[in-house]
K.L.:
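Sharing a structure, written as structure tokens. Questions coming.
Each chain gets a letter, A, B and so on, in the order its sequence line appears, and its residues count up from 1. These values consider heavy atoms only, across backbone and side chains, with no hydrogens, waters or symmetry-generated copies.
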Amino acid sequence: MAEPKANERMEKIVSLCKRRGFVFQSSEIYGGINGFWDYGPLGAELKRNVKDYWWRSMTQKREDVVGLEATIIMHPKIWQASGHTSTFSDPMVDCLLTKKRFRADQIDPQSGDIHSYTGAHDTVAGKSSSETYSVLIPTGKHPEYARKVARQFYAARGVPAPELLGETIETVKETVRYNPDNGSLLTEPRPFNLMFKTFVGPVESEDNVAYLRPETAQAIFAQFKNVLDVARQKLPFGICQIGKAFRNEINPRNFTFRSREFEQMELEFFIKPDDAAAKSSLTGGPGTEPNWGWEQWHKYWVEQRVQWYESIGLSRDVLDFHWQKKEELAHYAKATVDILYKFPFGTQELEGIAARGNYDLTQHQTFSGKSMEYFDEETKTRFVPHVIEPSAGVDRLVLALICNAYTEEEITDEKGVKETRVVMKLHPRVAPVKVGIFPLLKNKPELVKKAQEVRDLLRAEMPVFYDDAGAIGRRYRRQDEAGTPFGVTIDFDTLGEKPELKDTVTLRDRDTMQQSRIAIGDLLPFLLSKIR
RNA sequence: GCGAGCGUAGCUCAGUCUGGUAGAGCAUCACCUUGCCAAGGUGAACGUCGAGGGUUCGAAUCCCUUCGCUCGCUCCA
């Protein structure tokens, strides 16, 4: 449960995101658009750092994963094969009395007597309604049951003491048009297309309907054979992709957490089926066992991913893990682990790591008629590879990093005055700006000149922010809110006022506010070691 | 999609009940001041009060519609 305090915290975070330029509402000048968000200067850097680091962790630091960048719009058959066309367009119906919503295909067929009315009026109040309405009751049940429900319906439409008009009774079998709970008529089924639809080519005809992808994963399966042919990889190996996905969420919520346009980082790690793996003696990728089955690979990837989160500042104690129970699993999944973050608005999923068997490749083999089989030279067997899928939401992760970094500290200065310091304790790896550079005083040209030299030295290698406005303490605090992990101040000692300190600067640590003296020549190696 | 609440300067909010042509604090910019942890001085800029329509001599304020945000329900592949 989100307590009021948690809600307050979230509001402060949203406010800081706007004030400092992490996140803006999309199309704000036109009143905004529900479920879409933009990243401002700091947010864009932060998100890019997250994606770059993930990409490097997958493709650069491993031998056994290669990248892919596929289009957002693909052949519509892909979504038939994946099952999205059917499961993403459930018709929904609402109860006309209670407004409760049902999936139309989940209503049990019922039989009984339908009592229909052409309207109702209340002569005393002088109100009437000509809306038609009907109620289903089991055959033989007293008609008053139906009339009671109908009176409630008309009462809710402004007829205080309704006298029912034009009652007719009809016996029906196997209807799904009535609410099983109270017999009330439901609305007409309305399609809920959770995939964004568009048309390829200038003519809007049913023949050229296409969809904006609701996930990036299917492109990996669809291109599996091509990648296999060119990448000189043997099982086990993975294909990863970062890209936009689109879902027409019924109800976007919780800031950027559930957006209609969002970005995913997905890996499909292909492995041998257990029986083929058991016969194997060749080693796979670095640090891997030759004959691991899907359970071991699944656990391996869960651990890999948790370590990755730790390396950007999300420790195990702010994460949560949910091993899905048998009955929660999608029918094709053998196991799924959700990695969750404890957001102020509740503990919510960042990443799902699913063991999907060979379901997806088999589906595409069936729908495309093209073989998805892999020939294992060692065991001389042919099979459709199985897959482990770590699938993470970039925007959710960025939001988690922002929430996790947001810190308010009570500071007591030397005069004993208390104040609050707001600091974004982002890990240096993902922080948008790595170092702030400040001349102690801006009206001393020699300080400014030296500070600009330091700025030019560093900005070739990392994002820096140069600031000479106002008091030095104020500049430090401004960078605290931006999450800049280090501050460098150029003072008169840098210029050689005390000869032994010539060409040294003050290095200030964001989290501890500790200051130390460091030679300008040592700055770059020091900073690079912290941000890589 | 339903219900409730909210929407006024970059941010936090007052003003709305009792219509009379928009305010505070912080932030921003310039100059002065500045000797390492923000809120000294002087000056400046900043809102068609979410949008549209209506009532009225006159609307931030009353009415209707709409968009957005929050919470609950629903949904969650």
Side-chain angles (χ1 to χ4, degrees), chain A residues 1-2 4 6-8 10-12 14-21 24-36 40 79 82-90 92-103 187 190 192 194-195 214-215 217 245 247-255 257-258 328-333 336 345-346 348-349 352 354 391 409 411-414 417 419-423 438-444 447 468-481 487-493 497 505-510 512-517:
Chain A
M1 279 294 276
N7 195 22
E8 229 172 79
M10 199 58 217
E11 279 171 21
K12 283 181 179 173
V14 173
S15 166
L16 182 139
C17 279
K18 178 165 188 199
R19 182 157 39 90
R20 289 296 171 188
F24 303 127
Q25 197 178 11
S26 170
S27 320
E28 196 191 74
I29 59 168
Y30 291 102
I33 176 165
N34 198 354
F36 297 88
W79 308 114
S82 70
H84 286 85
T85 307
S86 51
T87 59
F88 265 50
S89 57
D90 302 324
M92 307 292 278
V93 291
D94 296 335
C95 173
L96 284 169
L97 190 64
T98 63
K99 309 291 184 197
K100 189 174 171 182
R101 169 158 298 163
F102 301 88
R103 270 175 61 171
T187 58
R190 283 175 290 196
F192 271 60
L194 268 57
M195 283 198 290
E215 62 173 38
R247 296 180 191 181
N248 234 331
E249 296 289 350
I250 294 171
N251 201 349
R253 276 289 157 89
N254 290 328
F255 198 30
F257 183 81
R258 178 165 294 154
E328 293 175 283
L329 289 172
H331 64 278
Y332 48 77
T336 298
F345 49 79
Q348 299 274 2
E349 184 184 342
S391 167
E409 288 179 355
I411 303 276
T412 310
D413 65 15
E414 56 279 16
V417 181
E419 53 155 344
T420 305
R421 180 173 85 116
V422 173
V423 49
F438 318 117
L440 187 59
L441 301 172
K442 85 161 166 182
N443 58 353
K444 299 288 186 289
L447 284 177
D468 60 13
I472 186 71
R474 184 195 294 254
R475 284 178 266 167
Y476 284 148
R477 296 300 176 83
R478 247 199 297 258
Q479 291 306 308
D480 286 344
E481 281 202 342
V488 164
T489 303
I490 287 79
D491 60 16
F492 291 101
D493 288 335
E497 198 164 85
V505 291
T506 303
L507 179 71
R508 183 256 194 185
D509 181 273
R510 175 196 64 199
T512 62
M513 297 196 282
Q514 295 288 313
Q515 300 186 151
S516 55
R517 206 73 200 175

K.L.:
Grab the CG-P distance between A:Leu16 and B:C11 for me, whole Å please.
P.N.:
12 Å
K.L.:
Does B:G10 have its OP1 or OP2 closer than 4.0 Å to a side-chain nitrogen or oxygen of A:Lys18?
P.N.:
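No, no such contact exists.
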K.L.:
With sequence neighbours left out, write down each residue that passes salt bridge (charged side-chain N to carboxylate O under 4.0 Å, His left out) with A:Arg508, or none if nothing qualifies.
P.N.:
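Testing A:Arg508 for salt bridge (charged side-chain N to carboxylate O under 4.0 Å, His left out), a comparison that skips the adjacent residues, returns A:Asp480.
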K.L.:
RNA chain B: A:Val505 or A:Pro252, which has the more 5' nearest nucleotide?
P.N.:
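Its nearest nucleotide lies further toward 5', so the answer is A:Val505.
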K.L.:
Without swapping roles, check the side chain of A:Arg247 against the backbone of A:Pro214 for a donor-acceptor pair under 3.5 Å.
P.N.:
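Confirmed, A:Arg247 side chain pairs with A:Pro214 backbone.
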K.L.:
On the nucleotide B:C67, are OP1 or OP2 found under 4.0 Å from the side-chain N or O atoms that A:Asn34 carries?
P.N.:
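No, because none of the side-chain N or O atoms of A:Asn34 sits under 4.0 Å from OP1 or OP2 of B:C67.
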K.L.:
Please enumerate all residues that pass side chain to side chain contact (heavy atoms under 4.5 Å, CB included) together with A:Ala354, with sequence neighbours excluded.
P.N.:
A:Thr336, A:Arg356
K.L.:
How far does the P atom of B:U66 sit from the matching atom of B:G20, given to the nearest Å?
P.N.:
28 Å
K.L.:
Between A:Phe36 (CZ) and B:C69 (P), how many Å, whole number?
P.N.:
11 Å
K.L.:
Looking at the rings of A:Phe345 and A:Phe257, which for Trp means the six-membered one, are their centres under 6.0 Å apart?
P.N.:
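Distance test on ring centres: under 6.0 Å, yes.
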K.L.:
Using side chain to side chain contact (heavy atoms under 4.5 Å, CB included) as the criterion, list what pairs up with A:Lys444, not counting sequence neighbours.
P.N.:
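Counting only residues at least two positions away or on another chain, A:Lys444 forms a side chain to side chain contact (heavy atoms under 4.5 Å, CB included) with A:Leu441, A:Glu446, A:Leu447, A:Phe492.
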K.L.:
Go through it in stages, so that I can follow the logic: the residues are A:Leu194 and A:His84, the test is side chain to side chain contact (heavy atoms under 4.5 Å, CB included), and I'd like the CA-CA distance, side-chain angles, deciding distance and then a yes or no.
P.N.:
CA-CA 9 Å; A:Leu194 268 57; A:His84 286 85; over 6 Å; no
K.L.:
Taking side chain to side chain contact (heavy atoms under 4.5 Å, CB included) as the definition, give me every residue that meets it alongside A:Ser516, ordered by chain and number, with sequence neighbours left out.
P.N.:
A:Leu507
K.L.:
Return the CD to OG1 distance between A:Gln515 and A:Thr489, rounded to the nearest 0.5 Å.
P.N.:
7.0 Å
K.L.:
Would you mind reading off the distance between A:Arg475 atom CZ and B:A38 atom P, rounded to a whole angstrom?
P.N.:
13 Å
K.L.:
A:Arg477 side chain: which of B:C11, B:A38, B:C36 is closest?
P.N.:
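Closest nucleotide among those given: B:A38.
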K.L.:
Looking only at atom P, what distance separates B:A44 and B:G53, rounded to whole Å?
P.N.:
35 Å
K.L.:
Suppose we define a pair by two distances each less than 3.5 Å, Watson-Crick or G-U wobble; what does B:C13 pair with here?
P.N.:
B:G23
K.L.:
Between A:Val422 and A:Asp493, who's closer to the 5' end of RNA chain B by nearest nucleotide?
P.N.:
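Taking each residue's closest nucleotide, the earlier one in sequence belongs to A:Asp493.
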K.L.:
Using the P atom as the point on both nucleotides, what is the distance between B:A4 and B:C49, in whole Å?
P.N.:
26 Å
K.L.:
Can you give me the N/O atom pairs linking the protein to nucleotides 45-50 of chain B at distances under 3.5 Å, or say none if there are none?
P.N.:
none

K.L.:
Strictly under 4.0 angstrom, non-hydrogen atoms only: write out the protein contact profile of nucleotides 24-32 of chain B, one letter per nucleotide from the 5' end, B, S or -.
P.N.:
---SS--S-
K.L.:
Indicate yes or no for a side-chain donor-acceptor contact from A:Arg475 to the backbone of A:Pro439 under 3.5 Å, with no hydrogens or angles considered.
P.N.:
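Judged by distance alone, yes, a pair lies under 3.5 Å.
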